[in-house]
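Comments concern the structure below.
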Protein chains: 2
Amino acid sequence: MKNNNDILSRAEENYLKEIFHLSGKEKDKVSTNALAERLDTKASSITDMLQKLKAKKLVAYQKYKGCSLTGSGEKVALHIIRKHRLWETFLVNKLSFGWDEVHAVAEELEHIRSKKLIDSIDQFLGFPKFDPHGDPIPDKDGNINYQESKIKLSDTSVKSIVEVVSVNEDSLALLKYLDEIGLRLGSEIEIYSRVPYDESIQVSIDCGDSISLSKKVTENIGVRFKSKMTNK
Amino acid sequence: MKNNNDILSRAEENYLKEIFHLSGKEKDKVSTNALAERLDTKASSITDMLQKLKAKKLVAYQKYKGCSLTGSGEKVALHIIRKHRLWETFLVNKLSFGWDEVHAVAEELEHIRSKKLIDSIDQFLGFPKFDPHGDPIPDKDGNINYQESKIKLSDTSVKSIVEVVSVNEDSLALLKYLDEIGLRLGSEIEIYSRVPYDESIQVSIDCGDSISLSKKVTENIGVRFKSKMTNK
DNA sequence: ATTTATTTTTAGGCTTGTCTAAATATTTAA
DNA sequence: TTAAATATTTAGACAAGCCTAAAAATAAAT
């Protein structure tokens, strides 16, 4: 049960992290092009790196067939994600950063190598379970509490009332926009109607005015079902 | 007065920092070999990098004549040192790290690029003036309070009583040893005698038993004069 | 003032992680 | 089921930052 514990480069860590994110809960194979887009590199670079990561037994990879993480690859990925999310929580809870300001910095901090440091931060924060965007934080052994019954806002049915539990942090512009319209973690959203043509929905946020949200927005918001709207 | 604000690599930042440390308060020229030893690389690598840093106007350098920092080079160096020392202070004051555990981690943290982050940490710590090893922390404008009348323990005269105000953090082994013999920041040291042959000195620490300290140790400890010993 | 020793620089190479362009698989569509 | 489109891989190149070995400059010693 020996871990191939060579020290990994930043690039290698980022590849593993993105493979984890892209393969999702269903552990799908991840395609070269999908990785290239997320990592903002060319497909040929992806191929090179996958061969390297395969040699280190961190990913399973076959030519033309996509890749997935091995056990130890997933362990590394979860550790990076743990660090990323703990640092974000630190920035927001202790240093009063806005939720739209933390992602870029956490992308750097997640590569700091001290185990003692991140475990101390975890303790300092009181062992938080979720980060400021509502995503679950893996514990020191890599266990992650996937949130029960979380769905995308884009997948909800009309006349529902839901609670916002997570937001995709990748787009700074999105986070700023949500801030502007007053949509935050815990907000209550009532879905009035859906326009089939563009899949935009008409909603109110925390009982505010009715507002339209595009598909592009709603597919990046995670919610939990609360109740159906009462007809009055 | 425009700053050549290309983003610098980690390596470049480390070179600038070491040039700053080696050139000292007197702003001496720094030799290629001295840098090579501190940075644990070969002299030829130093030459390469100095040419690059010269092109970026961060160091003044002439073949065979050593180098020194330019104004903007020094500014960068001070900013790295500020970050290093603030992170060390954070680790010790907020996360209960030992003073011998913080250096390695701070070597990584000092390269995190967010200005807002480090200024927030500064505020979070209450704008400390000195780090856990007694070294002064540059403020956000790069001003540094060199400690008044600090000298090396190796340069003290016998029959003096001095207070420890700083310790060279570079050697982990030294910090562990000092911890062992109970020498810490603020300790009071009485110097009984000096052996001319090896320049070791005989001292007591905080009124404890007499102990011998080698030159190698005493030249890495900064002290401030308190008083002469009373003859009784 | 030469010779010897030391320091520094040059020249050429290696690895990592990227790129472009061309070749090859796979998938989709006719 | 063959042709067109798309996805992926290979081949060759490049910059950064390091290396070794050899050449050149400086410093030390006779």
Closest nucleotide among [options] to the [X] side chain:
X	options	value
B:Y64	D:dT10, D:dT8, D:dT26	D:dT26
B:K65	D:dT26, C:dT26, C:dC19	D:dT26
B:M49	D:dC18, C:dT18, D:dT20	D:dC18
A:A43	D:dT9, D:dC18, D:dA7	D:dT9

### Summary
Of all heavy-atom pairs linking B:R194 and B:S154, the shortest is NH2-O, 3.0 Å
### Summary
Heavy-atom nearest pair, B:A43 first then B:N33, reads CB-OD1, 3.7 Å
If the cut-off is 4.0 Å, is [X] near the phosphate of [N], judged by side-chain N/O to OP1 or OP2?
X	N	result
B:N33	C:dT8	yes
A:Q51	D:dT10	yes
B:S9	D:dA16	no
A:T47	D:dT10	no

### Query
If you round to the nearest 0.5 Å, how far is CG of B:L86 from CD1 of B:I81?
12.0 Å
Rounded to the Å, how far apart are [X] [atom1] and [N] [atom2]?
X	N	atom1	atom2	result
A:K63	C:dT27	NZ	C1'	18 Å
A:Q62	C:dA25	CD	C1'	14 Å
A:L50	D:dT9	CG	P	7 Å

### Message
Among B:H84, B:E12, B:E107, which residue satisfies the side chain to side chain donor-acceptor pair (under 3.5 Å) criterion with B:K17?
### Response
B:E107
### Task
Look at the side chain of A:S44 and the base of D:dT8, then say whether one donor and one acceptor between them are separated by less than 3.5 Å.
no
### Message
By the 4.0 Å heavy-atom rule, please label A:E12 as base, sugar-phosphate, or nothing.
### Response
nothing
### Message
So A:S45, base contact, sugar-phosphate only, or nothing? Heavy-atom distance under 4.0 Å.
### Response
base
